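Each remark here refers to the structure printed beneath this line.
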Amino acid sequence: VAGAVVLVAWLNRGRLNPVVPGRPAPGFSAVDLQGTSRTLADYRGKVLLVNIWATWCPPCQQEMPSMQRLREAVPDEDFAILAVSVDAPLGERDAFGREGGNLEVFARTMGLTFRILHDPSGKIQETYQTTGVPESFVVDRDGLIKKKVAGPTEWDAPANLELIRRLLDG
């Protein structure tokens, strides 16, 4: 019986540390559009919106303009949007047969000026225990998750603007 309990606990070890508001944001690594590896630690001390998305996802496409409007409404250098795409590499297909999107063309077409990162392995989805895309996390200057949103939202809505500004003000 004790062995079964240990086995169940080991198999569910990721669930023992849920990625929810009040917990530290897990570290991750992804590559920006210039090919530079970026980590969560690179943004230590900043307020972040970490958005996990894909080009093939209609709700993600719907959400992106509001993220751009948020970036424009809050131009503070201490605020960063990290949009982490889990698309397959360009010219390849993911495990579900979806073709990898061209992130540079997507960003240019949508007029996005915030940081686009790429994690074709999708490891960030495992790390952040997401249930799909888009899924987003607002992280404070101390690296704590303050808000989690599964699905699309209007990031420039008054409540979201207020949250970001409040976190920037300390």
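Please read these numbers as outputs of a predicted model, since none were measured by experiment.
If you take CG on L70 and CG on L161, they are separated by 5.5 Å, rounding to the nearest 0.5 Å. The CD1 atom of I52 sits 10.0 Å away from the SG atom of C60 when rounded to the nearest 0.5 Å.
Listed by first and then second residue, the ring-ring contact (aromatic ring centres under 6.0 Å, His included) pairs that reach into residues 148-170 come to none, sequence neighbours excluded.
When all heavy atoms are compared, the tightest approach of E63 to T153 is OE2-N, 3.1 Å. What you find for V133 and C57 is that their closest heavy atoms are O-SG, 3.6 Å.
Residues D119 and K123 are not paired through a salt bridge, judged by the lack of any N-O separation under 4.0 Å between the basic side chain and the carboxylate. Checked for salt-bridge contact, E162 and R166 meet the test: a charged N lies under 4.0 Å from a carboxylate O. Looking at K46 and E77, no side-chain N of the basic residue comes within less than 4.0 Å of a carboxylate O on the acidic one, giving no salt bridge.
The shortest distance between side-chain heavy atoms of R23 and L144 does not fall below 4.5 Å. By the 4.5 Å heavy-atom criterion applied to side chains, L168 and V74 are counted as neighbours.
Using a 4.5 Å cut-off between side-chain heavy atoms of Ile, Leu, Val, Met, Phe, Trp and Tyr, with links allowed through other members, L117 and W53 fall into different hydrophobic clusters.
Side-chain contact of S29 with S37: a donor-acceptor pair under 3.5 Å is present, judged by distance alone. A donor and an acceptor atom, one from each side chain of N17 and Q129, are nowhere located under 3.5 Å apart.
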task: Walk me through it: do F106 and W56 pass the test ring pair (Phe, Tyr, Trp, His ring centres under 6.0 Å)?
output: CA-CA 10 Å; F106 182 90; W56 46 259; over 10 Å; no

- request: Let me see the working for Q68 and T113 under side-chain hydrogen bond (donor to acceptor under 3.5 Å, both in side chains), right down to the final yes or no.
  value: CA-CA 7 Å; Q68 180 60 38; T113 61; 2.9 Å; yes

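The side chain to side chain contact (heavy atoms under 4.5 Å, CB included) test with L49 singles out one residue from V139, N160, V138, L82, and that residue is V138.
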